[in-house]
Amino acid sequence: MGQAYSTIAFDPAKCDGCGKCMTACASVKFDSTDTTRSLIQIVRSGGASIEPPRPGEFELALCRQCADPKCATVCPAGALGKNGATGVIDWDASKCVDCLLCTIGCTYAGIALDEHSGRVSKCDTCEGKPACVPACPTGALRHVTTARIYNEVGSWEDLFAPGLAGCQGCNTELLMRHALRRVGPDTVLATPPGCVPGMGSVGFNGTTGTKVPVFHPLLTNTAAMLAGVKRQYERVGRKVTAMAIAGDGGASDVGFQSLSGAAERGERILFMVVDNEGYMNTGMQRSSCTPYGAWTSTTPVGEHTRGKSQDAKNLPMIMINHRCEYVATASTAYMEDLYDKLDKALAASERGFAYLHVYSPCTTGWRFQSALNIEVARKAVESNFVTLWEYTPESGLHFTRPVDKPLPVTDYLEAMGRFRHLSPEQVEHIQKKVTENLRFVRKIAEQADEQ
Amino acid sequence: MHTTDYLIAGSSHAALEAINAIRMHDGEGSITVVTRDPHRPYSPTVLPYVVSGRSTPERVYLRDDAFFTLNKVDYRSGCALAGLDPAAHQARLADGSTIGYRKLLLATGASPVVPPISGIDRVDYHVLRTLDDATRLRAAMAGSKNAVVLGAGLVGMHAAENLVKAGASVTIVEMSKQLTSGYFDEVAAGMIEQAFLGNGAKIRTGHRVVGLEPGPKGATLQLDNGDTIPADLLLVAVGVRPELGYLDGSGVATERGILVDDSMRTSVEDVWAAGDCAQARGFFTGTPVMNAILPDATVQGRIAGMAMAGDPGIKPYPGGVPLNTYHFFGRHAISVGSAAVPEGGRAQVRFDAASGRYLRAVFDRDERLTGIFGVNEFFDAGVMAQLILRRTDLGPLRERFFAQPLATGRELMSQLWR
């Protein structure tokens, strides 16, 4: 299997050319204040004639740690090579003969002469902890470590059977497989009616769709049954994770009383809600999580109604008011964030109730092309239509992916068919609701900051 | 008879890149490498550093046995190509055996030119093209008091510097009027000359050797003006050219090298050529040129490998651009592109005697860079090569580019990166 690597990502739209990354690099690498020695170089780009430069007018000269490194192919001394474990193009100073041919090979100015030493120098990503990234005040530089998911998680056992029967482009399979991989084989799984058993978790012809014990509770009693199962295992002294993968309908409507009760009692279970904003498995009926204006089969668009006329219930915020051990929202557009939260939720479920709410765009019910699921999920976050945060009783609520410059909500609404009919007034209502929701969550986050 | 899908003759940069390119597209087809050299792959470019002791023979190998095992390559060293029958898809080896191939790459490199000087067959002399040459030269260098280097190209100059540093009295004899001609212009060559003179070397440019006689210790050279120079070590470094005797009767078209098209295909079906043995289109001339430099060998090897494997991602050869770097006595010289000023174009030069920084840039009539040469002036040669290859319009930035080639080059390139 191939190997994925961590990388330093650069967003030119956020770079204002302050040069703090270069200061940090020169200091860490050479104990120098001379930024010309920095292995990361911010350079002026397109708007070079405009003074003073503005954000978006800078580019980066930095080793790309190429998969197919030209510097290494033109090195006559075998001093450069791709490190299979780290992905870094390693430079072996003892083999290098200072011929500078590598600088001919590189198109990106990623390896250059350090005039102080008379030798070439290049970025080695500071052994996986690049000093430039924390020095960047605008967030233009990021150290993307998602590679861990591919490398580490990829080798964990997939605990779902092959051939789950999801709709084309649905991200729930991704979610189910990743989540169960992370939680591991010592798990008892509850999947109440909804898309997850519909996709095959409960199996066919007498065999389950999972490699762990799975059961199919009613919509109404999922949390109660799971709590009982967990207690029985505790009573006989076996350590298992009791996990539910439920839909938003089951959790927020008829299943809410058992969910709320289990949370209130602090049952040691991990409850994951896959929120596709409706009863999508049974024909796309509205749920209390369906947003205002959305078309569903029970909120049709016609002479009398123009989609759902009520706003969505904010279920994760309600869960906070149970003072659960852990509550978080997540999105499959941000897998690192999702994994981080899975780790924390899993740990919290050993102490008490852990609730993870994952936003899950529905290709079929929301009406968008099957290739665009992750894109729609990303736009939901980038427009603040949904917000990603986590909560613990000790530290309160914190945003994990705050959005500084949100997209207009129309960018999100126009990405799918279920909002196609919206009138300007309806769009205005949704934008207001987004702002109000954000203000509400922010208030709670600010209270956490004041503590 | 052994048969193979891909037969590669040669084992240096072009051959190694071809192996990579083939394996990118064809994970299974059998690859056989035959090379006249007895060693694992290495670069001729590193040899001056083996001579100087900066590197050692056991540390210069570019691939280990594990690489060939992993890539399922049958690597046969000490196994030179001796003849070719393209109609039968068969190659004859020096040991008399025959190999059948489906596709053949000729990456046989080049060999030192031995000038037809009277008496050269009666004296002991060195060349520097193989690892064994380097080992032999290094051993001889230790005892040398009076060394002569014939030829002032980069190989000769490198070796001369090594000999100077080893304590020998060194004379460089060069036929043309300046050192490193073809690599660096007159001014840069002048700086190189001064550095050598300042370190005690003697330089006899504009002279040819007309005779060689065995002397009491080594050889005695006779120059065209009647001067004689004793040499206890003689290095012949007047250039390289491909040895193509193995193509006799094969029908593969050659001039100074093996003629290839923009996918490195020769005139004969299922035979490609790349690297120092190939004569491919020059970027500036549009006609087939010899551009025997390492970076071009890798580009050509890559293209040949892709073409042989049928990789649809292949892009035609952009044409050969001269690219050279050269370190001398702690200074560095970089040359990218053509030194000749194109019609309607111009050259811009600046020189700061105090710092020894020299820069010459050549632009065509449309303000596009065609060549840039520096001594002690660092710029990203790879970026410059791209600006040339992409025929980038420097337009209003030309003055700033010349003042700050490093920063402005990166700035220009940054618009082309995305």
Side-chain angles (χ1 to χ4, degrees), chain A residues 10 12 15 17 36 41-49 53 57-64 66-82 84 92 94-121, chain B residues 12-13 16-17 20 24 41-50 52 54-55 59-64 293-295 297-299 301-302 323-327 330-334 336 376 378-386 396-397 400 406-418:
Chain A
F10 176 67
C15 178
T36 65
Q41 288 289 328
I42 300 296
V43 297
R44 297 287 303 271
S45 65
S49 53
E57 289 167 4
F58 296 91
E59 267 290 351
L60 196 59
L62 173 71
C63 176
R64 263 59 172 170
C66 297
D68 178 20
K70 295 289 183 289
C71 58
T73 63
V74 299
C75 175
L80 287 160
K82 180 99 174 160
D92 183 340
S94 72
K95 279 189 171 180
C96 175
V97 294
D98 300 331
C99 71
L100 300 184
L101 274 170
C102 50
T103 71
I104 283 182
C106 181
T107 305
Y108 304 103
I111 186 163
L113 179 73
D114 172 32
E115 299 210 39
H116 290 76
S117 66
R119 311 204 75 186
V120 290
S121 60
Chain B
S12 196
H13 292 284
L16 296 174
E17 271 306 288
N20 277 346
M24 287 274 186
Y42 61 85
S43 174
T45 307
V46 81
L47 298 177
Y49 304 94
V50 174
S52 71
R54 180 73 185 267
S55 193
R59 299 203 74 204
V60 300
Y61 297 120
L62 297 174
R63 299 289 188 276
D64 55 14
I293 56 168
L294 192 168
T298 66
V299 172
R302 167 73 56 102
L323 302 160
N324 286 288
T325 60
Y326 173 46
H327 247 274
R331 271 161 275 190
H332 56 81
I334 303 174
V336 180
N376 272 9
F378 183 77
F379 46 79
D380 300 297
V383 170
M384 299 301 154
Q386 286 298 317
L397 291 180
R400 195 144 62 78
L406 182 78
T408 317
R410 289 174 177 181
E411 180 182 317
L412 282 161
M413 196 60 213
S414 73
Q415 295 160 58
L416 305 173
W417 281 332
R418 281 177 194 273

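Note: hydrogens, waters and symmetry copies are ignored here, and every other heavy atom, side chains too, is used. The structure displayed is predicted, hence computed values, not measured ones. Throughout, protein chains are lettered first and strands after them, A, B, ... in sequence-line order, and every chain is numbered starting at 1.
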Contacting region of [X] [heavy-atom separation from chain A under 4.5 Å]:
| X | result |
| --- | --- |
| B:N324 | backbone |
| B:R302 | side chain |
| B:L406 | neither |
| B:L323 | both |
| B:T45 | both |

For residues B:R59 and A:S94, is any side-chain donor paired with an opposing acceptor at under 3.5 Å? yes
To the nearest 0.5 Å, what is the distance between [atom1] ([X]) and [atom2] ([Y])?
| X | Y | atom1 | atom2 | answer |
| --- | --- | --- | --- | --- |
| B:R410 | A:I42 | CZ | CD1 | 11.5 Å |
| A:D68 | B:E17 | CG | CD | 7.0 Å |
| B:E411 | A:E57 | CD | CD | 10.5 Å |

Let me know if [X] has heavy atoms under 4.5 Å from chain B in its side chain, its backbone, both or neither.
| X | result |
| --- | --- |
| A:C96 | backbone |
| A:C106 | backbone |
| A:D92 | side chain |
| A:C75 | backbone |

Return the option, out of A:A112, A:A72, A:G105, with the maximum number of heavy-atom pairs under 4.5 Å with chain B. A:A112
Identify which of A:L101, A:D98, A:V97, A:L100 forms the greatest number of heavy-atom pairs closer than 4.5 Å to chain B. A:V97
Begin from the C-alpha positions of A:T107 and B:M413 and carry the test side chain to side chain contact (heavy atoms under 4.5 Å, CB included) through to its verdict. CA-CA 8 Å; A:T107 305; B:M413 196 60 213; 3.5 Å; yes
Which heavy atom of [X] sits nearest to which heavy atom of [Y], and what is that distance?
| X | Y | answer |
| --- | --- | --- |
| A:V43 | B:S414 | CG2-CB, 4.2 Å |
| A:I111 | B:D380 | O-OD1, 4.4 Å |
| A:T73 | B:L294 | O-CD2, 4.2 Å |
| A:P76 | B:V46 | O-CB, 3.4 Å |
| A:L113 | B:H332 | CD2-NE2, 3.1 Å |

